[in-house]
Amino acid sequence: MPNLAPDYTLCADDNSVLLALHDLSMSSIVIFDCEGDALGREGGSLSIVALRAYGTTGPPGTYLIDVLSISPAILERVITFIGAPTPLKVVFDGRMDFTEIYFTWKARPSSGAVLDLTLLELSSRNDDEASEIQRLLSVFRPGAAYAQRRKKRNDPSKVGVLIGLERCIKERNILADVPNLKVDHTAWLNRPLSQTQLEYAAMDTLLIEKLYLHLYTGGYIPAQGSSPTLRRTQKSKSHRFVTMWMDVRKPPRGNVYFGNGLLPMGIIDPIPLTSKTRQCEGCQRQLLPAAFSQGGRTCHICAIL
């Protein structure tokens with residue numbers, strides 16, 4: 001592997017998982033990620049739960065929990081730990097991870113239990129028009145991309161383009177060289193797992209940790225004990241983001257309304273429980289009337305896909 005090589009410990013039996021959970025419970029922040037086949041989509045399955053105590057140096061590194069090799073009782077404890085209010089779980093676009101857990105085990109994360117760096121990455125951008133155009137081109141054809149950019153000049157909240165973890169690390173120059181590991185994502189349920197698969201799973205947690213440190217030192221994540229209102233707001237947005245499909249359905253494969261590179265409606269601003277909502281015919285989520293154009297049957301985001 002190139003310069004960056006994550007330490008990891010494979011936990012494929014009940015005792016090793018219990019030791020991992022005990023160790024992780026001592027930390028106030030845990031990096032969380034999952035690997036699986038079509039994770040969070042219809043017919044998908046979970047294979048590996050990756051958990052890393054923030055600030056880990058050296059062994060045991062990232063714990064890779066093989067969910068196919070442990071007993072249902074111990075797996076239930078893993079699921080409970082993931083959804084518990086503490087330690088804080090730091091993720092990068094945790095929607096599919098938490099969606100898979102919910103539709104398989106009916107377990108929701110506690111309010112305030114998750115911080116999703118995808119949203120912080122989006123809100124902390126301060127780059128030029130050329131960079132934004134490149135992101136729009138990853139979602140739209142050229143004419144539509146430039147049209148969306150013109151709209152965004154007048155209203156920056158119109159369209160938010162989400163990017164992947166590796167691209168984020170590169171764009172922000174967090175690492176000079178990001179290891180380019182390739183795996184067959186349809187093979188996550190095969191056993192034994194290859195060394196490349198294990199390194200891939202552990203690498204994601206290490207990159208998330210690097211991004212968290214970058215955002216923290218940049219002042220975008222407040223220190224524990226400071227700015228409680230901002231911390232609550234960031235966690236609330238993250239909770240809405242990672243649970244967005246739980247009251248709808250498990251996303252079907254290949255459906256552009258359920259899987260695209262745009263920030264969904266109703267994430268940044270909460271929807272009051274007493275508010276009147278409408279169902280979008282695209283993403284099928286209940287949203288405020290302001291999320292639709294006059295007479296429109298799909299929300300602003302689904303309407304441009």
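Bear in mind the structure is a predicted one, so any value in this text is a computation, not a measurement.
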- Query: Going only through I, L, V, M, F, W and Y residues with side-chain contacts under 4.5 Å, is there a path from L189 to I70?
  - Reply: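 They do share one cluster, since a chain of ILVMFWY contacts under 4.5 Å joins L189 to I70.
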- Query: Any link between L230 and V114 through a network of hydrophobic side chains (Ile, Leu, Val, Met, Phe, Trp, Tyr) touching at under 4.5 Å?
  - Reply: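 No: no chain of side-chain contacts under 4.5 Å links L230 to V114.
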- Query: Can you pull the salt bridge (Lys or Arg N to Asp or Glu O under 4.0 Å) pairs that have at least one residue in residues 76-92, sequence neighbours excluded?
  - Reply: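 As it turns out, there is no salt bridge (Lys or Arg N to Asp or Glu O under 4.0 Å) pair with a partner in residues 76-92 once direct neighbours are skipped.
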State the [atom1]-[atom2] distance between [X] and [Y], to the nearest 0.5 angstrom.
X	Y	atom1	atom2	result
L165	D204	CG	CG	6.0 Å
K210	I31	NZ	CD1	11.5 Å
L181	M203	CG	CE	5.5 Å
I268	L119	CD1	CG	5.5 Å
D66	I48	CG	CD1	4.5 Å

- Using the salt bridge (charged side-chain N to carboxylate O under 4.0 Å, His left out) rule, take E42 and R249 through it: C-alpha gap first, then chi angles, then the decisive distance, then the call. CA-CA 9 Å; E42 287 181 347; R249 60 181 291 192; 2.5 Å; yes
- Message: If the condition is salt bridge (Lys or Arg N to Asp or Glu O under 4.0 Å), which residues does D93 pass it with, not counting sequence neighbours?
- Response: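 For D93 the salt bridge (Lys or Arg N to Asp or Glu O under 4.0 Å) partners, ignoring immediate neighbours, are R95.
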- Item | Listed partners of E166 passing salt bridge (Lys or Arg N to Asp or Glu O under 4.0 Å), at least two apart |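 With sequence neighbours excluded, E166 shows a salt bridge (Lys or Arg N to Asp or Glu O under 4.0 Å) to no residue whatsoever.
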- R278 side-chain N/O to C299 backbone N/O, donor-acceptor pair under 3.5 Å: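 Checking the backbone N and O of C299 against the side chain of R278, no donor-acceptor pair under 3.5 Å is found.
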Might you point out which heavy atoms bring [X] and [Y] nearest each other, and give the distance in Å?
X	Y	value
P85	S110	CD-OG, 3.4 Å
V161	R125	O-NH2, 2.8 Å
L120	Q234	CD2-NE2, 3.4 Å
G282	T298	N-CG2, 3.7 Å

- Query: For F292, is the NZ or CZ atom of R297 found under 6.0 angstrom from the centre of its six-membered ring and inside 45 degrees of the ring axis?
  - Reply: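 No, a cation-pi geometry is absent between R297 and F292.
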- Message: Can you see whether F241 has K237 sitting over its ring - NZ or CZ less than 6.0 Å from the centre and within 45° of the normal?
- Response: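 K237 over F241 ring: no.
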- Within a reach of under 6.0 Å around NZ of K106, are more than 12 heavy atoms found that belong to other residues, nucleotides or ligands?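 Counting other residues, nucleotides and ligands, NZ of K106 exceeds 12 neighbours.
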- Query: Charged N to carboxylate O under 4.0 angstrom, K170 versus D177?
  - Reply: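 No, no charged N to carboxylate O under 4.0 Å.
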- Query: With Q286, which residues qualify under side-chain hydrogen bond (donor to acceptor under 3.5 Å, both in side chains), at least two apart?
  - Reply: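 Per chain and number, Q286 pairs via side-chain hydrogen bond (donor to acceptor under 3.5 Å, both in side chains) with T277.
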- Sequence neighbours excluded, which residues qualify as side-chain hydrogen bond (donor to acceptor under 3.5 Å, both in side chains) partners of D184?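 Partners of D184 by the side-chain hydrogen bond (donor to acceptor under 3.5 Å, both in side chains) criterion, ordered by chain and then number, come out as T186.
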- Item | F98 ring center near F32 ring center (under 6.0 Å) |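 Yes.
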- Query: Yes or no on salt bridge (charged side-chain N to carboxylate O under 4.0 Å, His left out) for E100 and K250, after CA distance, side-chain angles and deciding distance?
  - Reply: CA-CA 8 Å; E100 187 63 48; K250 200 174 187 183; 3.0 Å; yes
- Return the orientation label for the Y212 and Y216 ring planes: parallel under 30°, perpendicular over 60°, tilted otherwise.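 Aromatic pair Y212/Y216 classed parallel.
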- Quick one: sort the W188 and Y200 rings into parallel, tilted or perpendicular, breaks at 30° and 60°.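 Rings of W188 and Y200: tilted, 30 to 60°.
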- Item | Step-by-step side-chain contact (heavy atoms from CB on, under 4.5 Å) determination, Y54 to V30 | CA-CA 5 Å; Y54 176 68; V30 169; over 6 Å; no
- Could I get the full list of side-chain contact (heavy atoms from CB on, under 4.5 Å) partners for S194, not counting sequence neighbours?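 Partners of S194 by the side-chain contact (heavy atoms from CB on, under 4.5 Å) criterion, ordered by chain and then number, come out as T196, Q197.
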